[in-house]
Amino acid sequence: QTAHPTLRARPYAGAADLPALLALWPACRPAAWQTDFPGPTDQAELLAAPHIAARTQVWEDERSRLLAFALLDDYDNLWFERATAAVDDA
């Protein structure tokens with residue numbers, strides 16, 4: 001049985017988290033889904049809105065690697081992504 005890392009949830013920290021969140025993108029979706037909404041540009045635009053940034057959580061491992069995030073947009077859609085390979089290989 002594979003041991004999974006312990007993830008810690010915390011609020012999105014704005015500009016400090018944005019590069020890691022955008023870098024997480026390729027690990028979250030198969031190549032065929034890379035252009036689906038919300039993409040990295042969409043995420044940056046969504047997170048620029050203070051009220052959306054305030055409703056965003058990130059999850060990181062014990063090495064402070066950002067491995068997942070969730071945000072709630074203006075229409076109450078919950079967007080959640082996690083880096084499957086990073087979690088499974090940690």
Side-chain angles (χ1 to χ4, degrees):
Q1 189 174 32
T2 303
H4 292 284
T6 300
L7 299 181
R8 179 178 67 92
R10 63 171 176 78
Y12 174 69
D17 280 338
L18 187 59
L21 192 141
L22 297 178
L24 179 67
W25 187 252
C28 289
R29 294 187 181 182
W33 298 352
Q34 291 289 316
T35 59
D36 289 356
F37 183 86
T41 301
D42 304 309
Q43 287 177 340
E45 290 176 0
L46 287 166
L47 292 168
H51 65 286
I52 293 177
R55 296 186 312 215
T56 300
Q57 292 283 312
V58 298
W59 284 262
E60 56 189 14
D61 66 7
E62 62 279 351
R63 292 182 281 173
S64 298
R65 293 184 306 162
L66 197 146
L67 296 179
F69 72 91
L71 68 84
L72 190 63
D73 69 15
D74 284 330
Y75 302 99
D76 293 331
N77 294 307
L78 177 63
W79 299 98
F80 181 88
E81 300 281 353
R82 78 174 180 108
T84 305
V87 171
D88 292 341
D89 295 340

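The closest side-chain heavy-atom distance from Leu67 to Arg82 is not below 4.5 Å.
Nearest heavy atoms, Ala68 versus Leu24: N-CD2, 3.9 Å. Taking both residues in full, the closest heavy atoms of Cys28 and Ala83 are given as SG-N, 4.0 Å, listed atom of the first, atom of the second, then distance. In terms of heavy atoms, Pro38 sits closest to Leu46 at CB-CD1, 4.3 Å. Across Gln43 and Leu22, no two heavy atoms sit closer than the pair OE1-CD2, 3.7 Å. Across every non-hydrogen atom of Trp25 and Gly39, the tightest pair is CZ2-CA, 3.8 Å. Residues Leu18 and Ala44 share a closest heavy-atom pair of CD1-CA, 4.4 Å.
For Phe37 and Trp79, the gap between ring centers is short of 6.0 Å.
Note that OH of Tyr12 is 6.5 Å distant from CG of Leu21, once rounded to the nearest 0.5 Å. The CG atom of Leu47 sits 9.5 Å away from atom CG of Asp17, with the distance rounded to the nearest 0.5 Å.
Listed for the Arg55 side chain is a donor-acceptor partner under 3.5 Å among the backbone atoms of Asp73. Here the side chain of Thr56 pairs a donor or acceptor atom with the backbone of Ile52 at under 3.5 angstrom.
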